[in-house]
Amino acid sequence: MPPPAPCRGTHPPAGVAGSPDGAGSSPRVLGVDEFAFRKGRTYGTLLVDVEAGRVVDVLPDRTSETFAAWLREHPGAEIICRDRATAAYTRAIKEAAPGAVEVADRWHLLQNLAAAVEKTCHQHRHCLRKRAD
């Protein structure tokens with residue numbers, strides 16, 4: 001069975017500026033992230049031109065097959081910015097855009113940094129308390 005077609009004309013999630021524009025090639029720097037159509041039940045994929053700051057497309061699910069099909073139909077992404085936890089996106093990129101460089105997005109980098117700092121402070125709380133006294 002072929003993967004579902006991207007949802008052209010679907011409205012992006014609340015708070016996302018721009019509107020989907022599925023025509024043409026992929027932007028040079030493509031942002032990809034999942035979002036909930038219906039939290040806990042139905043998820044989609046939001047594709048963003050990071051340099052232009054606009055929504056490129058909204059995919060109807062978050063599967064590797066759907067994202068890989070989109071990448072094949074829209075070649076040209078040199079850098080793909082995504083969260084590191086979504087294995088489906090990694091598979092799609094390796095399959096359909098193997099030359100693209102994958103980078104972690106800023107939000108997830110900051111989230112990971114904050115978690116690492118919190119963990120380190122917690123592990124060394126006794127030393128930090130002694131220093132403060």
Side-chain angles (χ1 to χ4, degrees):
M1 178 182 345
C7 295
R8 307 251 192 274
T10 301
H11 297 289
V16 177
S19 61
D21 178 15
S25 63
S26 179
R28 189 179 79 79
V29 182
L30 178 67
V32 57
D33 206 354
E34 61 188 25
F35 72 95
F37 282 112
R38 188 168 176 195
K39 192 168 182 157
R41 305 189 91 194
T42 310
Y43 290 87
T45 300
L46 186 67
L47 303 175
V48 177
D49 181 332
V50 174
E51 293 175 311
R54 68 177 180 83
V55 175
V56 175
D57 212 340
V58 179
L59 305 181
D61 57 37
R62 56 184 176 181
T63 65
S64 62
E65 295 82 11
T66 301
F67 184 40
W70 190 92
L71 287 170
R72 281 190 292 273
E73 293 170 10
H74 302 84
E78 297 174 20
I79 301 168
I80 300 177
C81 182
R82 64 173 193 83
D83 69 62
R84 296 182 303 161
T86 312
Y89 297 152
T90 299
R91 281 193 306 273
I93 294 165
K94 288 185 187 321
E95 176 188 323
V101 175
E102 293 182 67
V103 298
D105 63 48
R106 182 178 12 196
W107 190 91
H108 288 93
L109 283 174
L110 291 174
Q111 181 186 41
N112 293 345
L113 174 62
V117 168
E118 184 177 358
K119 179 180 176 183
T120 301
C121 288
H122 181 73
Q123 288 173 336
H124 298 283
R125 66 187 176 279
H126 301 296
C127 299
L128 294 171
R129 282 191 186 131
K130 288 179 186 176
R131 287 280 195 190
D133 295 336

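Here the structure is a predicted model, which is why all the values come from computation and not from measurement. Quick note: residue numbers are just sequence positions, from 1.
Criterion: ILVMFWY side-chain heavy atoms under 4.5 Å apart, direct or through other members. Under it, L109 and I80 are not part of a common hydrophobic cluster. Criterion: ILVMFWY side-chain heavy atoms under 4.5 Å apart, direct or through other members. Under it, Y43 and L46 are not part of a common hydrophobic cluster. Residues V50 and V103 share a single hydrophobic cluster, defined by chaining ILVMFWY side chains whose heavy atoms lie under 4.5 Å apart.
Side chain of H122 to backbone of E118: no donor-acceptor contact under 3.5 angstrom is found. At distances below 3.5 Å, not a single donor-acceptor pair connects side-chain atoms of R41 with backbone N or O atoms of R38.
Residues S64 and A88 come closest through the heavy atom pair CB-O, 3.0 Å. Nearest heavy-atom pair, G44 versus F37, reported as atom, atom and distance to 0.1 Å: CA-CE1, 3.6 Å. Counting all heavy atoms, side chain and backbone alike, L30 lies closest to L47 at CD1-CB, 4.0 Å.
Atom CG of D61 is separated from atom OG1 of T66 by 3.5 Å, given to the nearest 0.5 angstrom. Rounding to the nearest 0.5 Å places CH2 of W107 at 3.5 Å from CD of Q111. Interatomic distance, CD of Q123 versus NZ of K119, reported as 5.5 Å (0.5 Å rounding). Taking CD of E34 as the start and CZ of R62 as the end, the distance is 4.5 Å to the nearest 0.5 Å.
Listed by chain and residue number, nothing satisfies the side-chain hydrogen bond (donor to acceptor under 3.5 Å, both in side chains) test with D33 (two or more places apart in sequence, or in another chain).
C81 is not listed as a side-chain neighbour of V32, based on a closest heavy-atom distance of 4.5 Å or more.
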For residues 89-102, run the donor-acceptor check on the side chains, cut-off 3.5 Å, and write out each pair with its distance to 0.1 Å, sequence neighbours left out.
from	atom 1	to	atom 2	distance (Å)
Y89	OH	T45	OG1	2.8
T90	OG1	R82	NH2	2.5
E95	OE2	R72	NH1	2.7
E102	OE1	R82	NE	2.6
E102	OE1	R82	NH2	3.1

